[in-house]
Amino acid sequence: MAKRGGFPGGMGGFGGMNINNVMKEVKKMQAEVQKSQEELAIKEFDATAGGGAISVKVSGEKFVKEIKIKPDVVDPDDVEMLEDLILTCINEALRKVDSAQSQEFGKFNIPGLM
């Protein structure tokens, strides 16, 4: 006589895994993800442009913390070049944050996380 309810093959719905063990693993992974997020948030990422004429520092949370401009790159007749250097520098620093995030959270292999 066939069993009523449950899943065919008697797998218990989790491929034979104990739900308590699954929940322990989920909680462990949540703690590891949170720790990784906290560690990444306090890191700083630097980038330069124009041969070091512009430097930018951003946090792992993508906040611009510092912009340094060497005085000799400031040309009132070419503000556009200065703007481009600043944009390039900030975007490179943010790209480094994205790369670090992908590398850090890629180890968790959670679909849809990154």
Side-chain angles (χ1 to χ4, degrees):
M1 178 176 237
K3 289 183 174 180
R4 291 191 129 334
F7 290 90
M11 294 303 238
F14 288 99
M17 295 179 70
N18 180 324
I19 187 69
N20 290 328
N21 289 342
V22 171
M23 292 307 294
K24 284 179 188 177
E25 287 299 314
V26 168
K27 287 190 183 291
K28 180 181 171 187
M29 188 178 292
Q30 283 176 329
E32 289 174 4
V33 167
Q34 183 171 350
K35 181 181 177 198
S36 292
Q37 287 173 326
E38 290 168 357
E39 289 173 355
L40 189 61
I42 62 173
K43 286 185 179 180
E44 292 182 344
F45 299 85
D46 299 312
T48 61
I54 307 286
S55 65
V56 170
K57 186 180 292 186
V58 298
S59 72
E61 294 178 305
K62 296 185 178 180
F63 290 110
V64 177
K65 297 182 80 173
E66 180 179 277
I67 297 175
K68 293 205 177 216
I69 302 171
K70 290 191 175 177
D72 58 323
V73 76
V74 180
D75 179 357
D77 295 326
D78 195 3
V79 174
E80 230 177 88
M81 187 233 2
L82 183 58
E83 292 169 342
D84 289 344
L85 288 174
I86 293 169
L87 284 174
T88 298
C89 199
I90 290 173
N91 287 330
E92 175 61 18
L94 294 176
R95 187 200 60 75
K96 288 180 179 182
V97 174
D98 288 340
S99 178
Q101 285 177 336
S102 293
Q103 185 176 353
E104 186 66 28
F105 297 119
K107 70 183 179 187
F108 294 109
N109 196 20
I110 302 171
L113 181 64
M114 284 303 219

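For the single chain, residues carry numbers from 1 onward in sequence order.
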Across all chains, not counting sequence neighbours, the side-chain contact (heavy atoms from CB on, under 4.5 Å) partners of Glu32 are Lys28, Phe108
Derivation of the side chain to side chain contact (heavy atoms under 4.5 Å, CB included) call for Ile67 and Ile90:
CA-CA 9 Å; Ile67 297 175; Ile90 290 173; 4.2 Å; yes
Please check if the number of heavy atoms outside Gln37 that lie under 6.0 Å from its CD is greater than 12.
yes
Can you name the nearest heavy-atom pair linking [X] to [Y], along with the distance?
X: Pro76; Y: Val74; answer: CD-O, 3.9 Å
X: Met81; Y: Val73; answer: CE-O, 3.8 Å
X: Phe45; Y: Gly60; answer: CE1-CA, 3.8 Å

The complete set of salt bridge (charged side-chain N to carboxylate O under 4.0 Å, His left out) pairs with one or both residues in residues 72-94, sequence neighbours excluded, reads Glu92-Arg95
| task | Under the salt bridge (Lys or Arg N to Asp or Glu O under 4.0 Å) rule, what do Lys35 and Glu39 come out as? Steps first, then yes or no, please. | result | CA-CA 6 Å; Lys35 181 181 177 198; Glu39 289 173 355; 3.8 Å; yes
Taken to the nearest 0.5 Å, the spacing of Lys96 NZ from Gln101 CD works out to 15.0 Å
Interatomic distance, NZ@Lys24 vs CD1@Ile19, rounded to 0.5 Å, equals 12.0 Å
Under the rule for salt bridge (Lys or Arg N to Asp or Glu O under 4.0 Å), what residues qualify as partners of [X], not counting sequence neighbours?
X: Glu61; answer: none
X: Lys62; answer: Asp98
X: Lys27; answer: none

Side chain to side chain contact (heavy atoms under 4.5 Å, CB included), that's the test. Do Leu94 and Val64 meet it? Break it down for me.
CA-CA 9 Å; Leu94 294 176; Val64 177; 5.7 Å; no
Check: Gln34/Glu38 side-chain N/O donor and acceptor closer than 3.5 Å
yes
Those residues that, when tested against [X], pass side chain to side chain donor-acceptor pair (under 3.5 Å) (two or more places apart):
X: Lys65; value: Glu44
X: Thr88; value: none
X: Glu66; value: none

Only distances under 3.5 Å count here; give the side-chain donor-acceptor pairs of residues 46-57 to other protein atoms, sequence neighbours excluded, each with its distance to 0.1 Å.
none

